[in-house]
Amino acid sequence: MPAITLPDGSVRQFDGATTGTAVAAAIGPGLARAAVAMSLNGKLVDLSTVIDEDAALRFITRKDDIVLEMIRHDTAHVLAEAVQALWPGTQVTIGPSIKDGFYYDFFRNQPFTPEDFEAIEAKMREIIAANAPFEREEWDRDAAIAFFEEKGERFKAELIRDLPESETISIYRQGAWLDLCRGPHMRGTGDIGTAFKLMKVAGAYWRGDHRNPMLTRIYGTAWRDQKELDAYLHQLEEAEKRDHRRIGREMDLFHIQEEAVGQIFWHAKGWRLYTVLQDYMRRLQTRHGYQEVRTPQLVDRALWEASGHWDKYREHMFIATVEDEEKTLALKPMNCPCHVQIFRHGLRSYRELPLRMAEFGACHRYEPSGALHGIMRVRGFTQDDAHIFCTEEQIASETASFVAMLDEVYRDLGFENFRVKFSDRPEARAGDDETWDKSEKALKEACALAGVSFETNPGEGAFYGPKLEFVLTDAIGRDWQCGTLQVDFILPERLDASYIGEDSARHRPVMLHRAILGSFERFIGILIEQFAGRFPLWLAPTQVVVASIVTDAEPYAQDVAEKLRRAGLQVEVDGRNEKINAKIREHSLARVPVILVVGRREAEEGKVAMRRLGGSAQEILGLEDAVRLLGDEARAPDMRRLQG
RNA sequence: GCCGACAUAGCUCAGGGGUAGAGCAACUGAUUCGUAAUCAGUAGGUCCUCGGUUCAAUUCCGAGUGUCGGCACCA
């Protein structure tokens, strides 16, 4: 006699075991039509699930956002059926819903191409139109394995074999086709609707392991209706316009070419942005008690052997040799071993700790070709790196002040939201478990002190210690690690760093590896996408264009520009023989934040007509006022804070 | 690195077995025009590289390089 409690608090009694379908029908035909699944005691299940005891029930209709996940998951099943119908012998593997869509991984000797999409989508529409119900069955484990092996589905068989013994083996049928699946699903394929689209094909390793065979993955997107789908596709187009590679070209910031793959040719404007950012970071870190150093690019392999990097990362290092010498040198892939050299050069006292050593360290890593991505993932980059040599007791407070500094920087640069991941010990690591226990504990306590909440990223730590990763998202929705803080008990040991304690004995310092931007290259990439190239005045490579209306006004335009330059602004004069409309248009498209228009009138009266990017209003200002206003506004945020 | 796609003027792209075209940009001239494109003209290309097929390859085939999208990697 199940009593079913609905979200409005009402309770319905049923004589015997019932199903969601029956309950919905009992409530009303409208709901019966609309309900596609249900939440039973908080768990999302099929509508056909049998209810034989008291339960809290909420029906899921297309209005619920959770239905998007179901649509996507169901669409993945339909995709798999379509593909197997068109290319028998293709093996199925897994097909989950993901952000904005779904994918399905297939094994087939010949990969799919986007040209196949049309045929696949047509077949999918057929399957959806047939509206076969999704039917759940629970199978015996061995029978399921035998069944899939019989069919030649060795990946499916392997999946079942690897499921824990306690797991129920459930199968979902849709018409004549079936798949191993945990569920839940909507009522039938017809519930999917027609707002789906196959997006791209890609290779993906079976179970995400590069030693395994490569599968063909088909990505798709699916939505409740065409309107949502169109909106999503439009959003993708908009994101593409923010792509830092595109804006970098449009704004003449940088380029990359074949002769220096993975390295950046910074053009004048891009470099201006870079140096403004670097100056800002330098001021900030000085204020936060860091000392800046500079260490060599080429360092003998002996040091990398001692640090452990040679062993682990040799293939990813650029090696340099000279004919006259036996030595093998490596372009530094990171700065820490060099910083330890400075630390251990001479005797250190506990009184010097925490010692915060910073370097804008230019590093080179031979990144896999497939990893390269614009200026975000490169082979030559510069970290805003620093190492804090401290005692164990100082870890927490140093972490807290680091997080405060990072927070300040991210806010100043327009990032209010960022995610923090805590990555703990990886499989391949240096140091014993005791040390790792100590490091992870220290870092977690430090997070608590700093009020940092994080998600855990198991097994993703550095080989020498656990790390915090500060993650920002690019225009296309991809995550990038920028800031980081890593606790390291290992390197000081390996490279024999020590200080003299209060007790006059030698002690090992702890090293905190930390970066805020991560690399200038990556961060500037993110910054470009964040602002879509429309930088705040202090970061803009060209801050002001003075545009003359008539040739007569050009001398005055030059005069205006000169005064602005003296106030520290980056100014260009557009004295070309073009109509003012054309100039406004061009400089607006070039994302110049401020255009000062000057004609005869302004020249006579000593004024400027100021127009801001994105607005159409103009403001008439006296020249001196404009210079003061813009000069003030162009100050970096830290300078404003200092100067008020 | 792996799978796939792509590579033509500075940019965006069209074309196609008989050595290439558009728009924008550039340059020249005219125009001096007050807030998102003035008009006219000119110039610009080893069609990524190497090899093969062919009377003939930028086009077809192969290899390489690079880029893009994923996957794997990311000290």
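Please read all numbers here as calculations on a predicted model, not as lab measurements. Just so it is clear: chains get the letters A, B, ... in the order the sequence lines come, proteins before strands, and each one is counted from 1.
Within the shown strands, nothing qualifies as a pairing partner of B/rG34 under the Watson-Crick or G-U definition with both distances less than 3.5 Å. As the counterpart of B/rA63, B/rU49 is assigned, both hydrogen-bonding distances of the Watson-Crick or G-U wobble pattern falling under 3.5 Å. Pairing partner, B/rU19: none, since no Watson-Crick or wobble contact has both distances short of 3.5 Å. Under the Watson-Crick or G-U wobble criterion, with both distances below 3.5 Å, B/rA25 is left unpaired in every strand shown.
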Could you walk me through whether A/His309 and A/His316 pass the ring-ring contact (aromatic ring centres under 6.0 Å, His included) test, one step at a time?
CA-CA 10 Å; A/His309 292 98; A/His316 301 286; over 10 Å; no

Stepwise ring-ring contact (aromatic ring centres under 6.0 Å, His included) check, A/Phe343 with A/His387
CA-CA 10 Å; A/Phe343 182 86; A/His387 295 93; over 10 Å; no

Could you go through the side-chain hydrogen bond (donor to acceptor under 3.5 Å, both in side chains) check for A/Gln341 and A/Thr295 one step at a time?
CA-CA 9 Å; A/Gln341 302 317 301; A/Thr295 60; over 6 Å; no

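In this structure, A/Phe112 has its ring center under 6.0 Å from that of A/Trp87.
Between the CD atom in A/Gln481 and the CE atom in A/Met376 there is a gap of 13.5 Å [rounded to 0.5 Å].
Atom CE in A/Met199 sits roughly 19 Å away from atom P in B/rC68 (whole-Å rounding). One interatomic measurement links the two molecules: NE2 of A/His267 to P of B/rG10, which rounds to 14 Å at whole-angstrom precision. For the pair A/Leu215 CG and B/rG4 C1', the interatomic distance rounds to 14 Å; values are reported in whole Å. Between the C1' atom of B/rG66 and the CD atom of A/Gln263 lies a distance of 15 Å, rounded to the nearest Å. Distance A/Lys583 NZ to B/rA25 P: 15 Å, rounded to the nearest Å. If you measure from atom CG of A/Asn109 to atom P of B/rC3, you get 13 Å, rounded to the nearest angstrom. Regarding A/Leu253, its CG atom lies at a distance of 15 Å from the C1' atom of B/rC11, rounded to whole Å.
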Along nucleotides 69-75 of chain B, 5' to 3', which nucleotides get a B, which get an S, and which get a -, given that the test is a protein heavy-atom distance under 4.0 Å?
BBBBBBB

Scoring nucleotides 32-43 of chain B by protein non-hydrogen atoms under 4.0 Å (B base, S sugar-phosphate only, - none) yields BBBBBBB-----

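Nucleotides B/rC33 and B/rC48 have their C1' atoms positioned 45 Å apart, rounded to a whole Å. For the C1' atoms, the distance from B/rG45 to B/rG10 is 12 Å, rounded to whole Å. Spacing between B/rC61 and B/rG17 at atom P, rounded to whole Å, works out to 12 Å. B/rC24 and B/rA37 are spaced 14 Å apart, taking the P atom of each and rounding to whole Å.
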Protein N or O to nucleotides 45-51 of chain B N or O, pairs below 3.5 Å:
none

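Judged by closest nucleotide on RNA chain B, A/Arg379 is the one of A/Arg379 and A/Ile256 placed further toward the 5' end.
The phosphate of B/rG1 (OP1 or OP2) has a side-chain N or O of A/Ser369 nearer than 4.0 angstrom.
Counting only N and O atoms by type, the side chains of A/Glu602 and A/Tyr556 include no donor and acceptor under 3.5 Å apart.
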